[in-house]
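Just so you know, these numbers use all the heavy atoms, side chains as well, and skip hydrogens, waters and symmetry mates.
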Amino acid sequence: DTHGGDEWRSNQGPRQERGFNAIASLMDDLASTQYGQTGSSWLDHTVILCFSEFSRTPVTNMTGGRDPHLSNSFAVMGGPVNGGQIIGRSSDTNMGPVPVNLATGEADMNEGEVILPSHIMQTLFDDVGIDAGGPDLRVPGLETLLR
């Protein structure tokens with residue numbers, strides 16, 4: 001846990017790089033391994049979801065670190081995920097989460113919803129057919145996340 005100071009400046013970047021490199025290696029391995037006799041890869045049948053247990057401020061604090069914050073980021077890849085896109089954004093004034101149109105992923109201050117972890121999970125549950133008898137997350141899925 002790196003809130004600031006020398007710990008943040010010296011260790012956070014290398015720790016994140018090691019984590020991202022591990023995920024990239026996993027994806028490479030899954031992408032290069034055939035899934036049975038289907039002609040598709042294991043990555044085509046695997047969803048990788050990365051996020052923090054809580055988020056950090058988008059800007060650094062007085063000691064050069066980051067404090068807990070309301071906004072968070074997720075990396076979702078593999079399987080049916082429509083990759084290569086950024087969904088949502090933070091506001092320009094207080095860096096808080098901005099409501100998003102769940103079908104397009106674009107900011108929508110009038111009818112959008114702030115994306116929560118439950119939106120991501122509901123999207124993945126919908127994709128594999130877990131429906132009314134499954135968990136009640138009380139949010140719709142995020143349509144633009146999947147192909």
Side-chain angles (χ1 to χ4, degrees), residues 1-33 35 40-61 63-109 111-147:
D1 193 14
T2 52
H3 284 275
D6 291 335
E7 177 72 13
W8 177 268
R9 285 188 288 279
S10 62
N11 292 331
Q12 190 66 15
R15 286 177 181 162
Q16 287 182 347
E17 183 177 19
R18 284 192 306 272
F20 291 138
N21 287 342
I23 293 166
S25 293
L26 173 63
M27 290 181 68
D28 287 344
D29 186 55
L30 291 170
S32 65
T33 305
Y35 183 80
S40 60
S41 73
W42 270 96
L43 186 58
D44 295 325
H45 297 269
T46 305
V47 173
I48 301 170
L49 174 62
C50 304
F51 62 96
S52 173
E53 77 281 10
F54 64 92
S55 57
R56 295 288 185 181
T57 54
V59 294
T60 56
N61 61 26
T63 64
R66 299 179 191 270
D67 297 316
H69 189 61
L70 295 174
S71 292
N72 204 345
S73 299
F74 295 80
V76 187
M77 58 213 92
V81 172
N82 184 15
Q85 62 178 331
I86 297 172
I87 301 171
R89 67 177 183 88
S90 57
S91 66
D92 294 334
T93 53
N94 66 2
M95 302 284 183
V98 170
V100 168
N101 177 307
L102 299 179
T104 66
E106 298 295 324
D108 184 345
M109 299 301 285
E111 297 181 19
E113 295 187 35
V114 171
I115 299 172
L116 304 170
S118 50
H119 286 97
I120 306 296
M121 296 310 298
Q122 187 63 57
T123 304
L124 299 175
F125 289 152
D126 290 345
D127 182 59
V128 297
I130 298 175
D131 54 11
D136 180 9
L137 299 178
R138 300 178 188 211
V139 296
L142 185 59
E143 297 172 41
T144 190
L145 183 60
L146 303 179
R147 284 182 246 154

Verdict with supporting geometry, I23 and M77, side-chain contact (heavy atoms from CB on, under 4.5 Å) = CA-CA 10 Å; I23 293 166; M77 58 213 92; 3.9 Å; yes
Given side chains that start at C-beta, do those of [X] and [Y] come closer than 4.5 Å, heavy atoms only?
{"X": "L43", "Y": "M27", "result": "yes"}
{"X": "P97", "Y": "I115", "result": "no"}
{"X": "H119", "Y": "L145", "result": "no"}
{"X": "F51", "Y": "I120", "result": "no"}
{"X": "H45", "Y": "S40", "result": "yes"}
{"X": "L146", "Y": "D126", "result": "no"}

For R147, look at atom CZ and say whether over 12 heavy atoms of other residues, nucleotides or ligands are found less than 6.0 Å away.
-> yes
Which distance, rounded to the nearest 0.5 Å, do you find between the OH of Y35 and the OG1 of T46?
-> 8.0 Å
Interatomic distance, CZ@R89 vs CD@E106, rounded to 0.5 Å, equals 9.5 Å
Dump the intermediate steps for side-chain contact (heavy atoms from CB on, under 4.5 Å) on L49 and V76, then the final yes or no.
-> CA-CA 5 Å; L49 174 62; V76 187; 3.4 Å; yes
Any donor-acceptor pair under 3.5 Å linking the side chain of [X] with the backbone of [Y]?
{"X": "Q85", "Y": "G105", "value": "no"}
{"X": "S91", "Y": "G96", "value": "yes"}
{"X": "T33", "Y": "W42", "value": "no"}
{"X": "D44", "Y": "S41", "value": "yes"}

Which heavy-atom pair separates G88 from I86 by the least distance, and what is that distance?
-> O-CG2, 3.9 Å
